[in-house]
Asks: 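So that we are looking at the same thing, I have put the structure below in structure tokens.
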Number of protein chains: 2
Amino acid sequence: MDPTTLLAILEDRGYRLTGPRRRVAEVVVGKADGFTAEELCSALPNVGRATVYRTLKLLVDATIICKLAMPDGEPRYTPSHAGYHHHHAVCVDCGAIQEFRDSTVERVVKAIGSDLEGQIVGHRIEFFIQCGKCGGRVS
Amino acid sequence: MDPTTLLAILEDRGYRLTGPRRRVAEVVVGKADGFTAEELCSALPNVGRATVYRTLKLLVDATIICKLAMPDGEPRYTPSHAGYHHHHAVCVDCGAIQEFRDSTVERVVKAIGSDLEGQIVGHRIEFFIQCGKCGGRVS
DNA sequence: AGATTTGACGATACTAAGTCTCAAATACTA
DNA sequence: TAGTATTTGAGACTTAGTATCGTCAAATCT
Ligand SMILES: [Zn+2]
Ligand SMILES: [Zn+2]
Ligand SMILES: [Zn+2]
Ligand SMILES: [Zn+2]
């Protein structure tokens, strides 16, 4: 996604197109392999921390980026390419992210849900990998 | 699990059975529905924060308790009943936790892994539910 | 039992990640 | 372009957890 499209989506949702948001958009779309909030803050020294975090929240709400958690719980953000429900495989060494969707997974999720007491309101599925560059076998 | 068994496991792993650890064990085994680290600190005002966190880490390493994350990322701990690999369904309202294991899930995980670039080194699967008590349909 | 060794404790300082506040700046609207 | 609601950002604050280090006590040895 290019910055202009990203900003258009925010505009459609009723947000103003401000300088700081433009600058955040510019950086976010360039981070194909995901990033942490702090990385973004460092990359944008003249945008306030609060604004960076606020904008991240807007982008997550707009499903322009995804927020996911590393094994230790550290949050990581990644530009979302798919327009639909999906999950992520994250390289634990370099942070590279692959999105995937698998209908079998979703079917199984539904099946398990019917065996549990209560009603499923959400699920989280994340795979942790070592990518090819980082020493993992390339399948 | 009763406190004595829990402590025996720690002892087997080479740790000393100290007063603070006994007290932590006592409280942890009573929290069937999971708890946060801060809850544990409050429940044990005469055990230092550092010791509470250190003991939690020991218990996670010994697979006596599981550490999992709520949708917003807040960590939650829960006594583990299963001795094998499993996942969790957490009530987003009251924090009640169900453990589950499903061989289909694990098979699908393996299948997806072979489609991804790199090698899977771990996975996280969590379901978020509303339990019966909290308004969710009882299936 | 008493002495020794070493692991564990806990008060406190510190760090990291993120949120809140509010006056000032800015983007849209008419 | 003036009016107004939104947004910004410096910095204080909060929350969750870690590091330090002198003190203490559990296990071991004699
Ligand atoms: Zn990698
Ligand atoms: Zn899914
Ligand atoms: Zn519940
Ligand atoms: Zn599994």
Side-chain angles (χ1 to χ4, degrees), chain A residues 3-4 6-28 34-62 65-78 95, chain B residues 3-4 6-28 31 34-62 64-78 95:
Chain A
T4 312
L6 190 164
L7 293 165
I9 294 171
L10 287 189
E11 193 170 29
D12 283 352
R13 295 172 78 93
Y15 299 111
R16 294 182 176 181
L17 299 190
T18 68
R21 283 176 184 161
R22 285 173 208 278
R23 274 172 275 158
V24 170
E26 198 73 45
V27 176
V28 163
F35 53 91
T36 64
E38 283 309 312
E39 269 170 52
L40 203 50
C41 286
S42 307
L44 292 162
N46 36 9
V47 176
R49 292 170 56 71
T51 300
V52 167
Y53 279 99
R54 281 187 293 234
T55 307
L56 281 175
K57 211 163 279 172
L58 295 187
L59 296 179
V60 170
D61 287 351
I65 63 177
C66 296
K67 180 180 183 178
L68 50 99
M70 296 298 281
D72 62 359
E74 187 195 74
R76 237 186 131 69
Y77 296 88
T78 177
Chain B
T4 312
L6 191 163
L7 293 166
I9 295 172
L10 287 190
E11 193 170 29
D12 283 352
R13 295 172 76 93
Y15 298 111
R16 292 182 177 177
L17 298 190
T18 68
R21 283 177 184 159
R22 284 172 208 280
R23 274 173 274 157
V24 171
E26 199 71 46
V27 176
V28 164
K31 299 256 181 189
F35 54 91
T36 63
E38 284 310 314
E39 267 170 55
L40 202 49
C41 287
S42 308
L44 292 161
N46 35 9
V47 176
R49 293 172 54 71
T51 299
V52 168
Y53 278 99
R54 281 186 293 235
T55 308
L56 281 176
K57 212 163 281 176
L58 294 187
L59 297 179
V60 170
D61 287 351
I64 291 168
I65 62 176
C66 296
K67 180 180 183 178
L68 50 98
M70 297 297 281
D72 62 0
E74 187 194 75
R76 238 187 130 69
Y77 297 86
T78 177

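In the text below, chain A, chain B and the rest are named by the order of the sequence lines, each starting its count at 1. Being a predicted model, the structure only gives us computed values, none of them experimental.
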Asks: Can you tell me the distance, in whole Å, between the CG atom of B:Leu44 and the P atom of C:dC9?
Replies: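 Nearest whole value for this atom pair: 12 Å.
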Asks: Please work out which residues in residues 18-25 of chain A have a non-hydrogen atom less than 4.0 Å from an atom of DNA chain D and list them by number.
Replies: A:Thr18, A:Pro20, A:Arg21
Asks: Roughly, in whole Å, what's the span from CG in A:Leu56 to C1' in C:dT19?
Replies: 14 Å
Asks: May I ask you to say what A:Asn46 touches in the nucleic acid, namely base, sugar-phosphate or nothing, with a heavy-atom cut-off under 4.0 Å?
Replies: sugar-phosphate
Asks: How long is the straight-line distance from CG of B:Asp72 back to CE of B:Met70, given to the nearest 0.5 Å?
Replies: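 Here the rounded value is 7.0 Å.
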Asks: Please give, in whole Å, the distance from C:dC28 P to A:Asp12 CG?
Replies: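 To the nearest whole Å, that distance equals 13 Å.
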Asks: Would you indicate whether the side-chain heavy atoms of A:Cys41 and A:Glu38 approach each other to under 4.5 Å?
Replies: yes
Asks: Starting at atom CD of A:Glu11, determine the distance to atom P of C:dC28, rounded to an integer number of angstrom.
Replies: 7 Å
Asks: Quick check on the helix from C:dA1-D:dT30 to C:dA30-D:dT1: what's the angle between its two end axes, five base pairs per end, to the nearest 10°?
Replies: 30°
Asks: Below 4.5 Å, heavy atoms only, C-beta onward: do A:Leu40 and A:Val47 meet side chain to side chain?
Replies: no
Asks: Could you state the atom-to-atom distance from CG of A:Leu17 to C1' of C:dT29 in whole Å?
Replies: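 Going from CG in A:Leu17 over to C1' in C:dT29 covers 15 Å.
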Asks: Using a 4.0 Å heavy-atom cut-off to protein, can you give one letter per nucleotide of nucleotides 14-19 of chain D, 5' to 3': B if the base is in contact, S if only the sugar-phosphate is, - if neither?
Replies: --SBBB
Asks: Can you work out whether B:Pro45 or B:Tyr15 has the more 5'-proximal nearest nucleotide on DNA chain C?
Replies: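 Of the two residues, B:Tyr15 wins.
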Asks: Rounded to the nearest 0.5 Å, what's the gap from CD1 on B:Ile65 to NZ on B:Lys31? Could you check?
Replies: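 Here the interatomic distance stands at 12.5 Å.
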Asks: Any heavy-atom pair between the side chains of A:Glu11 and A:Leu7 that's under 4.5 Å?
Replies: no
Asks: Could you check A:Thr55 against B:Arg16 and say which one's nearest nucleotide on DNA chain D is further toward the 5' end?
Replies: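 Whichever sits nearer the 5' end wins; that is A:Thr55.
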Asks: Take atom CG of A:Leu10 and atom P of D:dT7, then tell me their distance rounded to the nearest Å.
Replies: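 For the pair A:Leu10 CG and D:dT7 P, the rounded distance is 10 Å.
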Asks: I'd like to check A:Leu56 versus A:Phe35 (side-chain heavy atoms, cut-off strictly below 4.5 Å). Are they in contact?
Replies: yes
Asks: Do the side chains of A:Tyr77 and A:Val28 get nearer than 4.5 Å, heavy atoms only?
Replies: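 No - every pair of side-chain heavy atoms lies 4.5 Å or more apart.
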Asks: Looking only at non-hydrogen atoms, find the nearest pair between A:Pro75 and A:Lys67 and report the distance.
Replies: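 That would be CB-CE, 4.0 Å.
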Asks: About how many Å separate OG1 of B:Thr4 and CD of B:Glu26, when rounded to the nearest 0.5 Å?
Replies: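 Result: 8.0 Å between the selected atoms.
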Asks: Distance check, rounded to the nearest 0.5 Å: A:Leu10 atom CG versus A:Thr55 atom OG1?
Replies: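 Answer for the CG-OG1 pair, A:Leu10 versus A:Thr55, is 8.0 Å.
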Asks: Do A:Arg21 and A:Leu58 come close enough that some side-chain heavy atom pair is under 4.5 Å?
Replies: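 Answer yes - side chains close enough.
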